[in-house]
There are 2 protein chains.
Amino acid sequence: MESEVGGRRARTRARLLDCALDLFERQGYEQTTVAQIAEAAGVTEMTFFRHFAAKDRVVVEDPYDPLIADAVAAQPRTLTPLVRAVAGLRTAWAQLPEPQSQTVRRRVRIAAVTPSLRAAIAANNATTEQILVDQLVADGTDPRSARVAAAATLAGITAALLDWSQRDDIALTDAVAAALDTLDGRR
Amino acid sequence: MESEVGGRRARTRARLLDCALDLFERQGYEQTTVAQIAEAAGVTEMTFFRHFAAKDRVVVEDPYDPLIADAVAAQPRTLTPLVRAVAGLRTAWAQLPEPQSQTVRRRVRIAAVTPSLRAAIAANNATTEQILVDQLVADGTDPRSARVAAAATLAGITAALLDWSQRDDIALTDAVAAALDTLDGRR
DNA sequence: GACGAAATGTTAGCCGCTAACATTTTCTTG
DNA sequence: CAAGAAAATGTTAGCGGCTAACATTTCGTC
């Protein structure tokens, strides 16, 4: 039967996620203990780690990589590496599903004020970066330039995301678009 | 008397640093225990932490920030944020003292193959990034664009550094110069 | 040589995280 | 529906990074 929205596992995970974000918002990420999260969710510490590989995984999730490769591949190869990377991400972003509302903002907002989490985000970007690099190289870009361009682009977008989360006066889409423009040289 | 090159403290620190890098190179960063480092240096675990605030501080050190601000300030404000940031760093880099040979390369090389250390580097860049942002904003750049430009530039340079450490066919100066060119759009 | 300060040692403990094994809950199937 | 397989959670024990509080040694100086 599938009457529930998710099995027991899914429900436990959702509870852990929610309790964790609550605690992070109220008393800070570093000050919150995994034991506290587990208790709030009515579960054992061990169970927490069965749902999240590490404490920071509550906030930092894996990215949606696949789309990016195609988008970058579609860019004309006459452009400069950075410009091409940016153009690819612009296209990729346009194709992405609208991010699910509230939770994204909560997460990013927490990450924005927690240095150690910013590091976690950077580490997480590594896989996306690799995809970008591969795609650029496949199109004939020098590997070193490709690395630099990919790293710079992702860092720029990440910075825009962190900034966006702290303000209420701008849509996520616009924030990213503006960041890409900055990287582009369009402004 | 001052016959020694440094007091006891300085010597202990040097020993710890050397033993740590040795162990990291031989058996990997993650696989090396602070206890092992301490023992190799003939010292207690506690003493290690009295010299390095954290294990990763052996590899990731604080940057030379001060120069950057001035260099960026000297750039004409007609340029695009990213271009100006890059131009500033180009100038700053030219003024930096030649990095002390071997140890830099050892450190960066270790960082290059250790994901968790890449994160530490990113976190460490935060302060330099802030300086860059402040300088750009002071010159009239929109704060958001400044953040993006600063983050992108530093990420690009960092990527170049990591890449440089893994090859023997290029000078550090050239690697950085090339990265700046990529960010610039000069290539 | 005595004395104060700097450097190091000792002990105890928190927190993130993992492994090995036991227990319960849920699903399936005869 | 009973029974066994599979999934989810619990229990215990322990490692490694890191911190705090207090004791001890070493060093420079008078």
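Just the heavy atoms: all of them, side chains too, but no hydrogens, waters or symmetry mates, feed the values below. Note that the coordinates shown come from a computational prediction; the quantities given were computed from them, not determined experimentally. Chain A is the first sequence line, chain B the second, and so forth, proteins listed ahead of strands; every chain is numbered from 1.
Distances shorter than 4.0 Å separate none of the side-chain N or O atoms of A:T47 from OP1 or OP2 on D:dA8. Side-chain nitrogen and oxygen atoms of A:H51 include at least one within less than 4.0 Å of the OP1 or OP2 phosphate oxygen of D:dT9. Proximity of B:T12 to the phosphate of C:dT8: a side-chain N or O atom is located under 4.0 Å from OP1 or OP2.
Atoms CD (A:Q36) and P (C:dC14) sit 14 Å apart, rounded to a whole Å. One atom, CD of B:E30, and another, P of C:dC17, lie 12 Å apart when rounded to the nearest Å. The distance between atom CD of A:Q31 and atom P of C:dG16, rounded to the nearest whole Å, is 11 Å. Protein atom CD of A:E45 is 8 Å distant from nucleotide atom C1' of C:dG16, rounded to whole Å. In this structure, the CZ atom of A:R57 is 11 Å from the P atom of C:dC17, given to the nearest Å. The nearest whole Å value for the distance from the CZ atom in B:R9 to the P atom in D:dT26 is 18 Å. Remark: C1' of D:dG10 and CZ of A:F49 are 15 Å apart, rounded to the nearest angstrom. Atom CZ in A:R15 sits about 11 Å away from atom C1' in D:dT9, given to the nearest Å.
Here the nucleotide nearest the side chain of B:M46, chosen from D:dC27, C:dG16, D:dA21, is D:dA21. With C:dG16, C:dT10, C:dT25 as the candidates, the nucleotide lying closest to the side chain of A:R8 is C:dT25.
At least one donor-acceptor pair closer than 3.5 Å links the side chain of B:N124 to the backbone N or O of B:E61. Under the 3.5 Å distance criterion, the side-chain polar atoms of B:R109 are matched with a main-chain donor or acceptor of B:S165.
B:T32 comes within contact range of the sugar-phosphate backbone alone, with a heavy-atom separation under 4.0 Å but no base atom that close.
Here the side chains of A:R105 and A:D168 are in contact, with some heavy-atom distance below 4.5 Å.
Figure legend: A:K55 and A:F49 shown without cation-pi pairing, the cationic atom not lying both under 6.0 angstrom from the six-membered ring centre and within 45 degrees of its axis.
With hydrogens and angles left out, the side-chain atoms of A:S116 and A:E30 include a donor and acceptor closer than 3.5 Å.
Side-chain atoms of A:R50 and base atoms of D:dG10 include a donor and an acceptor less than 3.5 Å apart.
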